2 protein chains.
Amino acid sequence: MTEPTRPMRRQDIRRENEKAILLAAEKVFAEAGFGGATMQLIADLAGLPKANLHYYFATKEELYRSVVQNIFEIWLQAANCFDAARGPVDGISAYIDAKMEISRRHADGSKVWASEVMHGAPVLQDYMESTLREWTDGRVEIIRRWIEEGKMDPVDPRHLLYMLWATTQHYADFGHQIETLNGGKSLSNRQWQEAKENIKRVILTGIGAQPA
Amino acid sequence: MTEPTRPMRRQDIRRENEKAILLAAEKVFAEAGFGGATMQLIADLAGLPKANLHYYFATKEELYRSVVQNIFEIWLQAANCFDAARGPVDGISAYIDAKMEISRRHADGSKVWASEVMHGAPVLQDYMESTLREWTDGRVEIIRRWIEEGKMDPVDPRHLLYMLWATTQHYADFGHQIETLNGGKSLSNRQWQEAKENIKRVILTGIGAQPA
DNA sequence: TTGCATCCTGACCGTATGGTCAGCTTTCAG
DNA sequence: CTGAAAGCTGACCATACGGTCAGGATGCAA
């Protein structure tokens, strides 16, 4: 115990409880899926009575929506790497780094996101048709320009993006499989590093954008 | 209606009903996850009363297990491509073709498989620790030999395999996302072909195993 | 034809789950 | 200090779901 008592302010209480609930929910949704998750389990993990969850989030759907939107924000932020870059080597390297960091630090969120998409994006369909589509179109344009400028081979930009998403996301979504094939141990720092380097090397070489 | 009545034989009845149930179950599990799927939904989709499902499959778990094992078999069969090959170009090309075909023809199964792994492989843990591990180790050895023989660059075989799994599986698991970014339309024959070619080209080039 | 094994199913049951609510405690502005 | 707003929660409810079962229908071997 750090403090004997804590005279929390209202603001703090709300913020901390919402945070605890969202964190617990992310984990439970990731492990059991939306249908398999129960409010009771989330409540227990968050250390709160179930009724308290419904005080902050009216319904299971609303809580789920919050979790999914959270991870979507994080996912989109990794986009910035792309824009600041001068060429494919910088841009794609940075993007892979960022996405791999997400796979590692937000494995649960990644799984929830994957689950949401796999089940037809019932919650995020709007975002996918607006924000995601715009983001993608923008990146496709950037890649197209790189190709025009001779900075990389003429690879279909969309399929290249899918490849980046797939390879990086895989380390979160299929982390359990990777762990099992790694002797039941989660990847070490070194192994994560190797994974990143491998992806970068194969893809950058594969699109003819080798570092100078 | 094709036939007025059908004097089915017992054998046929069992086979056809099990098949119908498994097909329906695969779809429902893919769309809703294990927890979200209901026996009633599966029964409706299969065109049978719910109680009849329990006649063929005692429990929801047993039905789910059958579905997962089915797709695992298919998944493993794609392995043969690897063995018959003389070098990385043949082997990896054939494997990508096979896995992409699975992503296209068995999208539901692929999703169920992904879901199973994402949730910690509660059903398939044994298989993963035995069959899958053996298969993987064998393929790692093959790739290592290719590297020794100078047929490709020294890329970590395991991470290469993960890359192959990820890129191909992505077209099934994230098919909805891809569809949305494709203007709401599923990929055409031509687009599937392009996807395959792109993956092959980038990866084969990326590992320094260009066709002669 | 007969008898039996297989196949089928409507009706039912116990339980778990999402959600509600009345009433309590705590915070804090005035 | 005070009252209202915010925070909290045990007990409760309706429903949906997995699973059961008694008994009827059907095929099939002898």
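Order of the sequence lines sets the chain letters (A, B, ...), proteins ahead of strands, with each chain counted from 1. Keep in mind it's a predicted model, so treat the numbers as computed, not measured.
When the shell of 6.0 Å around NZ of A/Lys27 is examined, it contains 12 or fewer heavy atoms from other residues, nucleotides or ligands. The neighbour count for A/Tyr127 OH, taken as heavy atoms of other residues, nucleotides or ligands under 6.0 Å away, does not exceed 12.
Straight-line distance from the CG atom of A/Asn17 to the C1' atom of D/dG7: 9 Å, rounded to whole Å. If you take CG of A/Leu53 and C1' of C/dT20, they are 14 Å apart, rounded to a whole angstrom. One interatomic measurement links the two molecules: CG of A/Asn52 to P of C/dT20, which rounds to 15 Å at whole-angstrom precision. Rounded to whole Å, atom P of C/dT17 lies 16 Å from atom CG of A/Leu63. Nucleotide D/dG7 holds its P atom 12 Å from the CZ atom of A/Arg15, rounded to whole Å. Put simply, CZ on A/Phe29 is 12 Å from C1' on C/dG18, counting in whole angstrom units. Distance, B/Asp12 CG to C/dT6 P: 16 Å, rounded to whole Å. Rounded to whole Å, the distance from CZ on A/Phe57 to P on C/dG18 is 15 Å.
At a threshold of 4.5 Å between non-hydrogen side-chain atoms, the residues A/Glu116 and A/Pro122 count as touching.
A ring-centre distance under 6.0 Å is found for A/Trp146 and A/Phe82. Taking the six-membered ring where the residue is Trp, the centroids of B/Phe72 and B/Trp113 are separated by under 6.0 Å.
Using the six-membered ring where Trp is involved, A/His159 and B/Tyr171 have ring planes that are tilted, between 30° and 60° apart.
Judged by distance alone, the side chains of B/Gln77 and B/Glu73 never bring a donor and an acceptor atom under 3.5 Å apart.
Dashed line: the shortest gap from a side-chain N or O of A/Arg14 to OP1 or OP2 of D/dA6 is not under 4.0 Å. Under 4.0 angstrom from either OP1 or OP2 of C/dC8 there lies no side-chain N or O belonging to B/Tyr55.
With D/dG7, C/dT9, C/dC8 as the candidates, the nucleotide lying closest to the side chain of A/Ile13 is D/dG7.
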Letter per nucleotide, 5' to 3', of nucleotides 16-25 of chain D [B base touched, S only sugar-phosphate touched, - untouched; heavy atoms, 4.0 Å]: -SBBBB----
